[in-house]
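Reading through the structure tokens given below for one structure.
The sequence lines fix the lettering, A, B, ..., with proteins before strands; numbering per chain opens at 1.
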2 protein chains.
Amino acid sequence: MIPTIKDVAAHAGFSIATVSRAINAPHTVNPVTLDKVRQSIDALHFRPSPLGRQLRGERSRLIGVVLPTLANPVFAECLQGIDELASAQGYRLMLMTTQYDADRERHAIDTLRTQRVEGMILTVADADTHPILDELDRDGLLYVLMHNDTVRRPSVSVDNRLAAYDGVRMLIAHGHRRILMLAGTLAASDRARLRHTGYVQAMQQAGLQAAPALEIDFNADELAPPVLAHLTSGATRPTALFCSNDLLAMVVMRGLRRAQFDVPRDMSILGFDGLAVGELLSPPLASISAPNREIGCAAWRRLTGRIEGTYECDASLSLTLPHTLREGATIAAIAGASDGGVARVRELPQAGR
Amino acid sequence: MIPTIKDVAAHAGFSIATVSRAINAPHTVNPVTLDKVRQSIDALHFRPSPLGRQLRGERSRLIGVVLPTLANPVFAECLQGIDELASAQGYRLMLMTTQYDADRERHAIDTLRTQRVEGMILTVADADTHPILDELDRDGLLYVLMHNDTVRRPSVSVDNRLAAYDGVRMLIAHGHRRILMLAGTLAASDRARLRHTGYVQAMQQAGLQAAPALEIDFNADELAPPVLAHLTSGATRPTALFCSNDLLAMVVMRGLRRAQFDVPRDMSILGFDGLAVGELLSPPLASISAPNREIGCAAWRRLTGRIEGTYECDASLSLTLPHTLREGATIAAIAGASDGGVARVRELPQAGR
DNA sequence: GTGAAAGCGCTAACAT
DNA sequence: ATGTTAGCGCTTTCAC
């Protein structure tokens with residue numbers, strides 16, 4: 001069915017070696033021969049099989065990408081960055097998603113190994129505890145983590161703890177005192193934990209009381225009534241919510257709106273991720289913004305740097321990209337907040353160090 | 001570096017044939033031998049290379065996916081559906097994006113062919129005119145188009161013309177008379193054209209004047225001043241905008257908002273795609289909704305049906321999935337619209353036939 | 001139950 | 001300039 005180099009050789013009346021040369025080193029064959037071979041190639045619609053080539057030890061130029069989901073645009077944005085560089089550099093991408101499930105993470109990575117990818121870009125739930133990453137290290141397989149915030153492995157991320165800290169300090173500077181953190185139910189990720197740590201630190205430093213993150217079901221159409229009650233009633237209801245990601249923030253905003261709660265008048269909201277769609281909201285979502293596309297690109301550069309042996313500096317280390325506070329309009333100042341407070345927050349260092 | 005079946009054979013003290021059998025037909029080897037071989041496999045972390053296997057004519061279980069971009073969630077949603085079924089059925093996905101560029105489409109498809117994918121799921125700019133699809137037909141390569149609305153090739157889509165027609169009739173039923181259609185600059189796609197056709201038909205049928213689609217730069221931060229003027233000033237300014245996709249609708253909404261134009265009070269907006277994020281907007285975006293995840297799943301089923309020869313009905317034909325009108329809150333009734341008009345629209349057939 | 005050997009598509013070293 | 005051949009990792013007869 002599919003023609004092989006043999007078919008071309010027979011059709012052209014030369015040996016397979018000549019055909020191979022015509023393809024891979026055209027200048028070494030007689031122009032007349034070359035022309036005939038090329039005609040046969042066209043006539044038969046021949047294209048060299050990567051199998052034979054790879055079998056000979058050539059590179060596969062195949063990179064694996066493992067993401068939790070594409071339903072959250074944060075990963076689609078990263079993938080955009082990766083895909084752009086991959087196309088430009090003639091690599092192919094094999095994509096797998098895991099739904100934040102450790103078993104599926106293992107399975108995805110296993111599959112990619114079996115496919116002999118040259119390296120992988122991974123976003124896993126928990127980078128520090130997942131034994132499969134140790135296996136990769138042990139076996140010398142190249143990978144770069146993306147959005148996993150760990151210094152123990154090659155990774156590209158923002159400083160999640162510091163970013164959350166900066167964001168919550170900003171809320172505090174706007175006069176908020178009762179600030180609650182919300183997280184998704186699948187939030188047992190290293191990122192979510194670090195974001196909570198940053199929240200706690202900012203709160204404690206301001207002498208405020210930090211609470212455990214309140215878990216919200218992402219996919220539910222409505223906020224659960226007890227959750228809604230917790231957010232909206234009582235004298236001690238929070239005046240601001242720090243959501244561990246933008247998608248969650250958007251779901252919560254909708255829930256509050258349906259309960260006739262105005263954002264930001266009745267509740268301020270701060271997200272995390274800096275999704276492009278967040279800026280299209282009304283009001284535009286305030287968010288601790290990660291350079292997602294750039295994180296994807298940086299992960300790519302580190303990985304290919306190691307693959308091709310051309311790494312700028314030490315690409316086996318973790319890289320922290322700067323986050324930014326995207327102001328948006330979902331945060332209101334609380335009466336009594338001093339301007340000094342607002343001024344102070346602007347001087348905060350916003351990048352890891 | 002990477003162990004081969006030979007290494008395992010040597011380590012276990014058997015021939016490579018026995019190792020192969022231990023892997024592929026365990027019941028045919030002596031349990032003791034089997035055990036030893038398995039120990040060696042574990043000890044060496046051996047995994048059979050797909051190259052050798054495929055070289056022997058086994059299936060690659062590799063499917064190519066070609067999408068315009070991941071920046072538009074509509075394609076990410078489709079990909080979600082595809083990916084789900086692919087994982088479940090043990091297929092691998094190779095992903096390429098094209099940015100709506102015909103050359104990149106050709107290149108992507110070429111690359112996937114060279115990689116010997118068993119089939120591809122494609123979203124191209126124009127399904128009817130792209131010669132590369134004829135090449136696929138000629139060479140017997142399996143593919144299914146996704147979101148390309150054509151009866152000439154295997155495809156899964158909504159009826160874009162009818163969907164647009166339904167949507168615009170709904171606007172008309174709400175009393176709108178001056179309805180403008182907006183499209184992105186990259187909108188020279190078959191879908192965009194069909195949506196415009198549906199718009200024109202609905203307008204003409206109501207005795208209203210249809211206009212050419214107004215092109216909007218998607219990525220611009222602001223609406224271009226002349227565009228904004230066109231939308232917002234003059235006695236003949238439109239009262240409703242039909243946007244050829246949701247992302248565009250969101251960008252336009254932001255532009256209008258910034259110009260102090262309230263949606264839907266000063267302008268009604270109807271999108272197309274039914275993006276999940278649209279429902280999270282305030283007000284929730286009215287949209288002609290395509291079942292994107294399901295379109296991805298259906299495309300997958302058709303493709304694998306053909307690959308595995310188990311097609312339900314004739315999978316080489318195009319499949320039209322039903323669209324729905326998502327009401328949202330970005331559409332206001334215009335004074336003078338009769339209730340009868342609104343009632344009538346609810347009776348519209350909403351699925352293709 | 002196990003081994004030897006051929007062959008899948010291709011490249012490269014060697015031979016002509 | 002072109003042809004011959006070995007061998008990459010694996011499965012699968014065919015012998016033993």
Side-chain angles (χ1 to χ4, degrees), chain A residues 1-41 44-62 92 111-118 139, chain B residues 1-41 44-62 92 111-118 139:
Chain A
M1 181 76 227
I2 294 177
T4 76
I5 199 171
K6 271 189 186 169
D7 300 319
V8 178
H11 186 274
F14 291 93
S15 72
I16 59 167
T18 300
V19 175
S20 178
R21 274 188 291 259
I23 296 166
N24 301 298
H27 56 279
T28 66
V29 332
N30 184 312
V32 181
T33 310
L34 183 58
D35 193 53
K36 288 185 189 166
V37 170
R38 284 187 169 158
Q39 284 184 20
S40 299
I41 288 179
L44 275 56
H45 306 302
F46 168 77
R47 47 229 305 146
S49 161
L51 272 65
R53 292 184 155 174
Q54 285 171 226
L55 212 44
R56 296 279 323 169
E58 319 262 307
R59 303 183 35 200
S60 67
R61 297 190 84 79
L62 183 61
R92 257 92 38 202
T111 301
L112 294 175
R113 291 188 62 166
T114 302
Q115 294 295 313
R116 303 290 196 266
V117 295
E118 291 188 29
D139 299 340
Chain B
M1 182 75 228
I2 294 177
T4 76
I5 199 171
K6 273 190 185 169
D7 300 318
V8 177
H11 186 274
F14 292 92
S15 72
I16 60 168
T18 300
V19 176
S20 178
R21 274 189 290 262
I23 296 167
N24 301 298
H27 54 280
T28 67
V29 332
N30 184 314
V32 182
T33 310
L34 183 58
D35 193 54
K36 286 186 191 165
V37 171
R38 284 188 168 156
Q39 283 185 20
S40 299
I41 288 178
L44 275 55
H45 306 302
F46 169 78
R47 47 226 309 142
S49 161
L51 275 77
R53 292 185 155 174
Q54 285 172 227
L55 213 43
R56 297 283 320 174
E58 319 261 308
R59 304 184 35 201
S60 68
R61 296 189 84 78
L62 184 61
R92 259 84 49 198
T111 302
L112 294 175
R113 292 189 62 165
T114 302
Q115 294 296 312
R116 301 291 197 268
V117 295
E118 291 188 27
D139 299 340

> The side chain of B:V29 lies closest to which of these nucleotides: C:dG9, C:dT2, C:dT11?
Replying inline: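 Looking only at heavy atoms from C-beta outward on B:V29, the closest nucleotide is C:dT2.
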> Out of C:dG3, C:dC10, D:dC8, which has the shortest distance to the side chain of A:L55?
Replying inline: D:dC8
Does [X] have a side-chain nitrogen or oxygen under 4.0 Å from the phosphate oxygens OP1 or OP2 of [N]?
X: B:R53; N: D:dC10; answer: no
X: B:S15; N: C:dG3; answer: yes
X: A:T33; N: D:dT2; answer: yes
X: B:T18; N: C:dG3; answer: yes

Using atom [atom1] of [X] as one end and atom [atom2] of [N] as the other, report the distance to the nearest whole Å.
X: B:L51; N: C:dT11; atom1: CG; atom2: C1'; answer: 14 Å
X: A:I5; N: C:dC8; atom1: CD1; atom2: P; answer: 14 Å
X: A:H27; N: D:dA1; atom1: NE2; atom2: P; answer: 10 Å
X: A:I23; N: C:dG9; atom1: CD1; atom2: P; answer: 14 Å
X: A:R21; N: D:dG3; atom1: CZ; atom2: P; answer: 8 Å
X: A:N30; N: C:dT16; atom1: CG; atom2: P; answer: 22 Å
X: B:I41; N: D:dC10; atom1: CD1; atom2: C1'; answer: 13 Å
X: B:L44; N: D:dG9; atom1: CG; atom2: P; answer: 13 Å

> Roughly how far, to the nearest 0.5 Å, is the CD1 atom of B:I16 from the CZ atom of B:R21?
Replying inline: 10.0 Å
> Roughly how far apart are B:R116 CZ and A:I2 CD1, rounded to 0.5 Å?
Replying inline: 5.0 Å
Show me the donor-acceptor pairs, under 3.5 Å and distance only, between side chains in residues 5-13 of chain B and residues at least two apart or in other chains.
| unit_1 | atom_1 | unit_2 | atom_2 | d |
| --- | --- | --- | --- | --- |
| B:D7 | OD2 | B:T4 | N | 2.7 |
| B:H11 | ND1 | B:S40 | OG | 2.7 |

Within the structure provided, determine whether [X] and [Y] are in side-chain contact (heavy-atom separation under 4.5 Å).
X: A:F46; Y: A:I23; value: yes
X: A:T33; Y: A:T18; value: yes
X: B:P26; Y: B:R38; value: yes
X: B:Q115; Y: A:L62; value: no
X: B:L55; Y: A:L55; value: yes

Heavy atoms only, 4.0 Å cut-off, all strands: where does [X] land among base, sugar-phosphate and nothing?
X: A:Q54; answer: nothing
X: B:T4; answer: sugar-phosphate
X: B:S49; answer: sugar-phosphate

> Does a salt bridge link B:R61 with B:E118, judged by any charged N lying under 4.0 Å from a carboxylate O?
Replying inline: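 Looking at B:R61 and B:E118, the cut-off is not met.
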>> Angle between the two end axes of the helix from C:dG1-D:dC16 to C:dT16-D:dA1, five base pairs per end, rounded to 10 degrees?
In response: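 The angle, to the nearest 10 degrees, is 50°.
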> Start at the 5' end of DNA chain C and walk down; is the nucleotide closest to B:R116 or to B:L34 reached first?
Replying inline: B:L34
> With distance as the sole test, does B:N24 use its side chain to make a donor-acceptor pair with the main-chain N or O of B:S20 at under 3.5 Å?
Replying inline: yes
What nitrogen or oxygen pairs link the protein and nucleotides 5-7 of chain D at under 3.5 Å?
| unit_1 | atom_1 | unit_2 | atom_2 | d |
| --- | --- | --- | --- | --- |
| D:dG7 | N2 | A:R56 | NE | 3.4 |
| D:dG7 | N2 | A:R56 | NH1 | 2.8 |
| D:dG7 | N3 | A:R56 | NH1 | 3.1 |

